[in-house]
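Here is the structure we will look at.
A note on names: the letters A, B, ... follow the listed sequences, proteins ahead of strands, and every chain is numbered from 1. Heavy atoms only: backbone and side chains are in, while hydrogens, waters and symmetry mates are out.
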Amino acid sequence: MDNQTVLAALRERFAAEILAVNEFRGDLSLTFTPKGYLAAAQFLRDDPDLAYTFLENLCGVDYLGRKPRFEVVAHLTSMRHRHRVCLKVGCDEPEPTVPSLTPLFPTANYQERETFDLLGIRFDGHPSLTRILLPDDWVGHPLRKDHPLGDEEIAFTFNQERIYARKPFVRE
Amino acid sequence: MLESYVPVLILFLIAVFIAAFVITLSALLGPRRSTPRKLAPYESGMDPVGPAIRRIPVKFYVVAMLFIVFDIEVVFFYPFALVFRQLGPAGLAAMGVFFLVLLVGFVYEWKKGALRWE
Amino acid sequence: MGIEEKAGNLGIVTTTLETVVNWGRTNAMWPLLFGLACCAIEMMGAQASNYDLSRFGMELNRASPRQADLMIVAGRVSRKMAPVVRRLYDQMPEPKWVIAMGDCAACGGIFNNYAIVQGVDEVVPVDVYVAGCPPRPEALIDGIMMLHQKVMREKISGKKESPIRIDQPLVQVK
Amino acid sequence: MTEPITVPTPQQIIEPAVAGRTETMVLNMGPHHPSTHGVLRLVLELDGEVVVNVAPDVGYLHTGIEKTMESKTYQKAVVLTDRMDYLAPLSNNLCYALAVEKLLDVEIPERAQIARVLLTELQRISSHLVWLGTHALDLAAMSVFLYAFREREQILDIFELVSGARMMTSYFRIGGLAYDLPSDFIPTVEQFLAVMPSRIDEYEDLLTANPLWLERTVGVGVIDAQSAIALGLTGANLRATGVAYDVRKAMPYSGYETYSFEIPVGKNGDIYDRYRVRIAEMRQSVKIVQQATERLRELGPGPVVTSNRKVAPPPKREITESMESLIHHFKLWTEGFKPPRGDAYVSIESPRGILGCYVVSDGSPKPWRVHFRAPSFINLQSLAHMAKGRMVADLVALIASLDPVLGEVDR
């Protein structure tokens, strides 16, 4: 089970949905349209001889400046064939939405909630899409490239008066 | 006849005195700075959810009843254990009947599943 | 303290009482079981068999703040955890002290970003800062002994010694 | 799957309770709790002693490591990976280093590979010792906690000997190791290896046939293989259900295919099987460390950093001799190396499960995006599935058997 057989199987069924194929350092990664992404994941999981039953990793990436700005990356592993394939799907700026894999793989639940929490990518079909890591009243999605790091100025001897005057040292 | 109990009385009085002394001392000397935030209920750092007073499931009462029944049984055993040599076989028979009655109760309860917790 | 504050300064009486009370406090200070991150593992290491914290009367790690005297903030405090830390500090009975263990608790450490409170002294008044990431168990024990010296200097009159700030001249510990 | 696997969220439990519609009691096994192994908050829905529903609420240790890494160069980001899974910092380093080395397509010298395997296996033993100590402590076996930390101190002394720091060593750098192995490294490791197997037997005597331990762990928190794979449970928890999947055997990395070791597998996926699997894993790790020390001894001294000067700095003494290595040194430490555009995903077998690192690079010296697949974060999803219908006391044992590390959960 190497990249070519998987690629052939996928091309055969989802030729229209595959936007790009990339083999970088021996890893096969295919970029899908949203509709093809869900169908391919379903096919890879249910096909008896492919058997990609284990969704290893699902995360979002913010390519600021590129046309489909956000991208969701899912790595599917076949435990029987010890092979990993990577499905990617792009989604764009105003309201990035991607079909959710949670109905297929319950393990995607937390990973999609985290991607929503930190990057703001909505997953439709997800049973309970709420913030998971940040406090519920947090505004903004920190992992976006336009979100500042939020770091404070480091206090050295020359600027410590200004910083400590502003810093609320708690009294009793 | 009562003289032999005087040391027990003295011991009891000393114990009560020490306990009272310590409690009043800490009540007097201890600083009382109770702020509303300090008096808030502690539920591992978060606010408690839902009403505090609520109906306790019935399982807890069943266990409480059983405990009382068999605890009293043990209490009756203590005086018997002190003098069972003087009582001889008659005492043993009487206590045996008492124990058998309770044993029936225990077996019934065991088979009824009151001891199983799920 | 209740009666001493009303009775005021009776010279030799209050000083001896002071040393007795402070001696009692330092040698049986129960820490609050409050491990957050990596420093908590080092704190557990300090409590376990090799670096035994029980030698300082810290045998028991009380889980509830009602029975704890010392809060060792061991680890990084995130924005979501800050109100919980403040609530736990408030719920501790009155003679209470705080050790900020590790760089992340002392000043935010290497995580200078949106998620970490830059130094737990924004949330709770800290008495001793222990440096290190994570500080070795010996460093934690040194911090605890420094806290004991500080507690021995505390006055009965209830004025709590303010935490050592950078701009204050460092108090010479005799 | 019999009934659909659902992963509840805290809001789903709190709203009906606040509205007063439910008979059950909602309790916070909150961020500050002695037996949640860190700042994990569990919202419990209880009917008396029986857990009706449990929803983990994480994020109380969210440190924004992935955001901070985007503002650091590749070498400086190694330090941040240490603080994620603070019971096995070397596994994080190894995963990040392998991912970036895959991106750079750089070759690591043999000696560094063996040292990495040796130290990662030692780290696995020390992490399992902390798990064993805290798991036994949760079930009231205090003495096991004290014994386990006695062993752990020996391993930490080895790490201190190698890198100077006890826990946060940051010893694996991109391109090999940070410093060379000291001369008395092998004797110290052999001294530890002579003692360790007998100590593991001590733990087995203490716990394996202990009736109290059996009462609290056998048949508790059972999960079957199929729903474990569906929920993404990995590591010893997955192997306890009978699935023999270990990344060190399935997709070997840094030379693991050349070592001979077995994968311990359980049968019915309860807490007792996880305990047995982890204890057997410790024995296997000792075997791997033995093989690695023999190889190190045969190999003798050699380079520990890749010879590709674009990636790894030249040794200090070379700087004074040749101008070229001075330029390399200066370039590397001021600006850092620039990997080619693209992304790479590597997953290794950390003590908690499959730890994956996905690095995206846009050609600049700073990583564009780094994502860690944290095994504890994903293992927590199966908590509700296993805990339903059990008692609260079993929940405590269940959390300990999942061995979550909250630094990794809330990266």
Side-chain angles (χ1 to χ4, degrees), chain A residues 22 24-27 29 45 53-66 71 73 75 77-84 86 88 102-111 113-115 117-119 127-136 138 142-145 147-151, chain D residues 1 4-12 56-62 64 66-68 70-71 102-103 105 226-227 229-234 238 243-245 247 249-251 340-345 347 354 356-358 360 362 368-369 371-374 377-378 380-382 385 409-411:
Chain A
N22 181 355
F24 183 71
R25 299 282 190 269
D27 285 351
S29 66
R45 186 185 69 140
T53 56
F54 178 49
L55 172 70
E56 194 161 336
N57 171 32
L58 187 139
C59 64
V61 186
D62 172 12
Y63 291 99
L64 189 61
R66 203 186 63 163
E71 183 178 77
V73 179
H75 289 90
T77 310
S78 159
M79 287 191 177
R80 193 186 319 153
H81 304 304
R82 297 178 178 181
H83 181 260
R84 182 186 305 130
C86 165
K88 295 185 180 180
T102 308
L104 297 175
F105 302 95
T107 180
N109 194 316
Y110 269 17
Q111 300 179 51
R113 277 181 67 189
E114 183 207 355
T115 312
D117 187 359
L118 297 180
L119 269 162
S128 54
L129 199 65
T130 53
R131 283 197 182 274
I132 187 168
L133 289 181
L134 291 169
D136 298 341
W138 187 276
L143 266 183
R144 287 192 174 187
K145 283 296 176 182
H147 187 283
L149 179 59
D151 51 348
Chain D
M1 282 88 83
I5 296 176
T6 57
V7 183
T9 65
Q11 291 78 11
Q12 283 166 352
D57 177 15
V58 285
Y60 287 92
L61 198 59
H62 177 56
E66 290 167 359
K67 177 76 178 179
T68 319
E70 285 169 11
S71 63
K102 182 174 179 181
L103 205 60
D105 205 3
Q226 209 187 4
S227 42
I229 292 177
L231 277 167
L233 202 63
T234 49
L238 181 65
V243 176
Y245 183 75
V247 182
K249 287 279 188 197
M251 301 177 199
R341 290 178 68 92
D343 55 359
Y345 176 79
S347 66
I354 294 179
C357 174
Y358 177 66
V360 175
D362 64 340
W368 181 260
R369 166 81 160 111
H371 174 72
F372 281 88
R373 182 222 187 262
F377 179 59
I378 292 165
L380 273 184
Q381 291 177 89
S382 46
H385 182 70
V409 169
D410 315 336
R411 287 167 303 285

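With hydrogens and angles disregarded, no donor-acceptor distance shorter than 3.5 Å links the side chain of D:K67 to the backbone of A:P148. Looking only at distances, a side-chain donor or acceptor of A:R25 sits under 3.5 Å from a matching main-chain atom of D:K102.
Heavy atoms of A:H83 lying under 4.5 Å from chain D belong exclusively to its backbone. For D:L103, the parts lying under 4.5 angstrom from a heavy atom of chain A are both the backbone and the side chain. Contact of A:L129 with chain D is not made at all, since no heavy-atom distance falls under 4.5 Å. For chain D, no part of A:R131 is nearby; none of its heavy atoms comes within less than 4.5 Å. Only the side chain of A:T130 comes within contact range of chain D, with heavy atoms under 4.5 Å apart. Contacts between D:V243 and chain A at a heavy-atom distance below 4.5 Å involve the side chain alone, from C-beta outward. A:N109 touches chain D through backbone and side chain together, each having a heavy atom under 4.5 Å away.
Interface check for chain A: of the options D:F372, D:Y60, D:Y345, the most heavy-atom pairs under 4.5 Å are formed by D:Y345. Ranked by heavy-atom pairs under 4.5 Å with chain D, the first of A:D151, A:D136, A:V73, A:L118 is A:V73. Of the listed residues (D:L380, D:D410, D:D105, D:V360), the greatest number of heavy-atom pairs within a distance under 4.5 Å of chain A belongs to D:D105. Taking A:C86, A:S29, A:G60 one by one and counting their heavy-atom pairs under 4.5 Å with chain D, the maximum is reached by A:G60.
Ring pair A:Y110/D:F377 is tilted by interplanar angle, where 30° to 60° counts as tilted. Ring-plane geometry between A:Y63 and D:W368 is classed as parallel, the angle between the planes falling under 30 degrees on a 0 to 90 degree scale with a further cut at 60.
In terms of heavy atoms, A:P106 sits closest to D:A230 at CD-O, 3.4 Å. For the pair D:K249 and A:R82, the tightest heavy-atom approach, listed with the atom from each and the gap, is O-NH1, 3.8 Å. When all heavy atoms are compared, the tightest approach of A:F24 to D:P340 is CZ-CG, 4.5 Å. The two residues A:R84 and D:S347 have their closest heavy-atom pair at NH2-OG, 2.9 Å.
For the pair D:E70 and A:L149, the minimum side-chain heavy-atom distance is 4.5 Å or more.
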Could you walk me through whether D:D343 and A:K88 satisfy the side chain to side chain contact (heavy atoms under 4.5 Å, CB included) test, starting with their C-alpha distance in whole Å, then the side-chain angles of each, then the deciding distance to 0.1 Å, before giving a yes or no? CA-CA 12 Å; D:D343 55 359; A:K88 295 185 180 180; 2.6 Å; yes
Would D:R373 and A:H75 satisfy side chain to side chain contact (heavy atoms under 4.5 Å, CB included), going step by step from the backbone distance to the final call? CA-CA 11 Å; D:R373 182 222 187 262; A:H75 289 90; over 6 Å; no
Given D:Q226 and A:T53, is the side chain to side chain contact (heavy atoms under 4.5 Å, CB included) satisfied, shown in steps? CA-CA 10 Å; D:Q226 209 187 4; A:T53 56; over 6 Å; no
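A distance of 6.0 Å separates CD in D:E66 from CG in A:L143, rounded to the nearest 0.5 Å. Atom CG of residue A:L55 and atom CG of residue D:L231 lie 11.5 Å apart, to the nearest 0.5 angstrom. Taking CZ of D:R369 as the reference point, atom SG of A:C59 lies at 5.5 Å (rounded to 0.5 Å). Annotation: the span from A:Q111 atom CD to D:Q381 atom CD amounts to 6.5 Å, rounded to 0.5 Å. For the atom pair D:T234 OG1 and A:E56 CD, the distance stands at 8.5 Å (nearest 0.5 Å). Taking OG1 of A:T107 as the start and CD1 of D:I229 as the end, the distance is 11.5 Å to the nearest 0.5 Å.
Salt bridge status for D:D362 with A:R66: absent, with no side-chain N to carboxylate O gap under 4.0 Å.
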